[in-house]
S.K.: 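Let me begin by handing over the structure; questions about it come next.
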Amino acid sequence: SSPRLKMDHEKFGAKTYLLLPPVPEAFFEVIKNNNKETITIAYIGRISRDKGLKKLINIFNEIASKIPNIKVIIYGYHALKNTEARQLEEKLCSLKNIKYLSGSIDASTSSEKNVLSVLKEVDILILPYNELSGKTVDVPLLLLEAMACSCVVLTTPVGDLPSIMDDELLIADSEKDILSKLEILVRNRSILYTKKKLVFERIRSMNVLQTKIGDMFLEILEENKATN
């Protein structure tokens, strides 16, 4: 599931296949209202240090205090025994500029419909990863699902994310850089809506539909059978 690892293996002459995490078709069918007055900026995911939550809080606080007509939301969940995560959640609950919904997207439940319902309302999704938790998967499914819903995803240059996004405006390597690029998107709606279209067109070209991934996997199996 990693374009980077695929290229590394091909340097040594290995035959490799790239299968990105599959995205259900329902995510590609979302129709958004681009004429709404308020822009919704969000984070979805686990409340933890490696997800970049500390810098995200600073960014969301600043952008909400500087620009009118924006809604800032964090949809999060955390491990109950994780002390640092509990402290981050306590801070989130105390903030006035950020709407925090705890446990609304929980990886331990059937969350596909929950994620889809949230992404339908989101214009800009911030994923400020410090690192990716997978050792071989450098492309989070959430990022692909958001792109399929025409969300502009602003993220960091870790793993394969720069090659997936393929857009300098949507990759930021510091808290200051994320804030600066977020301001560009929020203050210039023509840029924001153009990026929405481009993000959707890019994900459509990447063959990540669940049905297509299944067909590709079967083709790979048949090809390997024929050569063995």
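All figures in this text were calculated on a predicted structure; none of them were measured in a lab.
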S.K.: Examine distances only and state if a side-chain atom of Arg204 and a backbone atom of Ala148 form a donor-acceptor pair shorter than 3.5 Å.
M.R.: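 No.
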S.K.: Drop me the distance from Asn58's CG to Ile63's CD1, to the nearest 0.5 angstrom.
M.R.: 13.0 Å
S.K.: Would you indicate whether Glu29, at its atom CD, is surrounded by more than 12 heavy atoms from other residues, nucleotides or ligands within a distance under 6.0 Å?
M.R.: yes
S.K.: Applying side-chain contact (heavy atoms from CB on, under 4.5 Å) to Leu141 and Glu145, what does each step give before you reach the verdict?
M.R.: CA-CA 6 Å; Leu141 174 59; Glu145 290 173 334; 3.5 Å; yes
S.K.: Within a 6.0 Å radius of atom NZ on Lys71, are there more than 12 heavy atoms belonging to other residues, nucleotides or ligands?
M.R.: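 Atom NZ in Lys71 is not crowded, with 12 or fewer foreign heavy atoms closer than 6.0 Å.
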S.K.: For Val153 and Ala146, work out which heavy atoms get closest and say how close.
M.R.: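 Looking at all heavy atoms of both residues, the shortest contact is CG2-CB, 3.7 Å.
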S.K.: Within this structure, what is the OG1-CZ distance for the pair Thr194 and Arg189, rounded to the nearest 0.5 Å?
M.R.: 13.5 Å
S.K.: Could you state the interatomic distance from CG (Leu154) to CD1 (Ile41), rounded to the nearest 0.5 Å?
M.R.: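 Reported value, rounded in 0.5 Å steps: 9.5 Å.
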S.K.: Less than 3.5 Å apart, which donor and acceptor atoms pair up between the side chains of residues 117-124 and the rest of the protein, not counting sequence neighbours?
M.R.:
{"unit_1": "Ser117", "atom_1": "OG", "unit_2": "Lys113", "atom_2": "O", "d": "3.4"}
{"unit_1": "Ser117", "atom_1": "OG", "unit_2": "Asn114", "atom_2": "O", "d": "2.8"}
{"unit_1": "Asp123", "atom_1": "OD1", "unit_2": "Lys196", "atom_2": "NZ", "d": "2.6"}
{"unit_1": "Asp123", "atom_1": "OD2", "unit_2": "Lys36", "atom_2": "NZ", "d": "3.1"}
{"unit_1": "Asp123", "atom_1": "OD2", "unit_2": "Thr40", "atom_2": "N", "d": "2.8"}

S.K.: Does any non-hydrogen side-chain atom of Ile47 lie less than 4.5 Å from one of Ile74?
M.R.: yes
S.K.: Taking only residues two or more places apart in sequence, or in another chain, which ones meet Lys66 in a side-chain hydrogen bond (donor to acceptor under 3.5 Å, both in side chains)?
M.R.: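 By the side-chain hydrogen bond (donor to acceptor under 3.5 Å, both in side chains) rule, Lys66 matches Glu183.
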S.K.: Applying side-chain contact (heavy atoms from CB on, under 4.5 Å), run through Val199 and Leu170 and close with a yes or a no.
M.R.: CA-CA 10 Å; Val199 160; Leu170 305 183; 3.9 Å; yes
S.K.: Would you say Leu127 and Lys51 make side-chain contact, with heavy atoms under 4.5 Å?
M.R.: no
S.K.: Roughly how far, to the nearest 0.5 Å, is the NZ atom of Lys54 from the CD1 atom of Ile59?
M.R.: 14.5 Å
S.K.: Flag the pair Ile57 / Leu88 as yes when at least one side-chain heavy-atom distance between them is below 4.5 Å, and no otherwise.
M.R.: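 Heavy-atom side-chain distance check passes, below 4.5 Å.
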S.K.: Looking at Pro157 and Ala172, what are the two nearest heavy atoms and their distance?
M.R.: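 Closest pair (atom of Pro157, atom of Ala172, distance): CD-O, 3.3 Å.
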S.K.: Hey, does Val23 have a side-chain heavy atom less than 4.5 Å from the side chain of Met147?
M.R.: no
S.K.: Grab the two heavy atoms, one from Leu116 and one from Ala26, that are nearest each other, plus how far apart they are.
M.R.: CD2-CB, 3.8 Å
S.K.: Crowded around Lys55 NZ? As in, over 12 foreign heavy atoms under 6.0 Å?
M.R.: yes
S.K.: Check Tyr129 against Thr156 and note the closest heavy-atom contact, atom names and distance.
M.R.: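 It is O-OG1, 2.7 Å.
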S.K.: Over all heavy atoms of both residues, which pair between Tyr43 and Pro128 is shortest? Give the atoms and the distance, please.
M.R.: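 So the two residues come closest at CD1-CD, 4.1 Å.
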S.K.: Report yes if the side chains of Asn97 and Phe60 come closer than 4.5 Å at any heavy-atom pair, otherwise no.
M.R.: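 Sidechains of Phe60 and Asn97: no contact.
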S.K.: What distance separates Thr38 OG1 from Ile70 CD1, expressed to the nearest 0.5 Å?
M.R.: 9.5 Å
S.K.: Phe200 and Ile203: which non-hydrogen atoms are nearest, and at how many Å?
M.R.: O-CG2, 3.1 Å
S.K.: Please check if Leu198 and Ile39 belong to a single hydrophobic cluster, counting links between Ile, Leu, Val, Met, Phe, Trp and Tyr side chain heavy atoms closer than 4.5 Å.
M.R.: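 No, Leu198 does not connect to Ile39 through the hydrophobic network.
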S.K.: May I ask you to test the Asn130-Val158 pair for a side-chain heavy-atom distance under 4.5 Å?
M.R.: no
S.K.: Could you tell me which residues satisfy side-chain contact (heavy atoms from CB on, under 4.5 Å) with Leu169, sequence neighbours excluded, listed by chain and number?
M.R.: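 Leu169 satisfies side-chain contact (heavy atoms from CB on, under 4.5 Å) with Asp167, Lys181, Ile184, Leu185, Ile191, Lys195 once adjacent residues are dropped.
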S.K.: Looking at side-chain heavy atoms only, is the closest gap between Leu125 and Leu143 below 4.5 Å?
M.R.: no
S.K.: Any chance you could measure Ile171, atom CD1, to Ile178, atom CD1, to the nearest 0.5 Å?
M.R.: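 Interatomic distance, Ile171 CD1 to Ile178 CD1, rounded to 0.5 Å: 9.5 Å.
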S.K.: Checking Ser174 now: which residues fulfil side-chain contact (heavy atoms from CB on, under 4.5 Å) with it, not counting sequence neighbours?
M.R.: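 Residues passing side-chain contact (heavy atoms from CB on, under 4.5 Å) with Ser174: Lys176, Asp177.
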S.K.: Residues in side-chain hydrogen bond (donor to acceptor under 3.5 Å, both in side chains) with Asp173, at least two apart?
M.R.: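 Asp173 satisfies side-chain hydrogen bond (donor to acceptor under 3.5 Å, both in side chains) with no residue once adjacent residues are dropped.
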